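Taking it in order: structure first as structure tokens, then the write-up.
Small disclaimer: the values here were computed from a predicted structure and weren't measured. These values consider heavy atoms only, across backbone and side chains, with no hydrogens, waters or symmetry-generated copies.
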Amino acid sequence: SAPDTSFSGNPPDTEWNIFSDPVAANSVLSFGVSIVLATSTYTDGTQFYLNDTDFIPASCDSDRAVLTKLVTTFPMADGEEPS
């Protein structure tokens with residue numbers, strides 16, 4: 001997020017990515033899959049651990065490869081070491 005950097009001011013309680021590209025946000029939110037939204041305060045403190053893949057529910061077997069790749073590559077993409 002980029003607070004106070006919008007061209008028309010930063011409306012209170014808006015997420016920068018949604019504010020800056022509402023058409024793309026609408027596409028994502030209308031895609032038809034379940035989505036979990038979290039505040040940037042929450043996501044900034046999120047920790048990923050390599051054994052997190054052990055906790056992917058059996059009901060997610062069809063998504064296991066994608067979830068495993070997210071858990072194992074996201075920290076490096078964010079400039080962090082996996083725990």
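F55 and L67 are assigned to two separate hydrophobic clusters, defined by single-linkage of ILVMFWY side chains at heavy-atom distances under 4.5 Å. Under the 4.5 Å side-chain contact rule for hydrophobic residues, L70 and V66 do not share a cluster.
Of the residues listed (D54, T53, D52), the one engaging I56 in a side-chain contact (heavy atoms from CB on, under 4.5 Å) is T53, and it is the only one.
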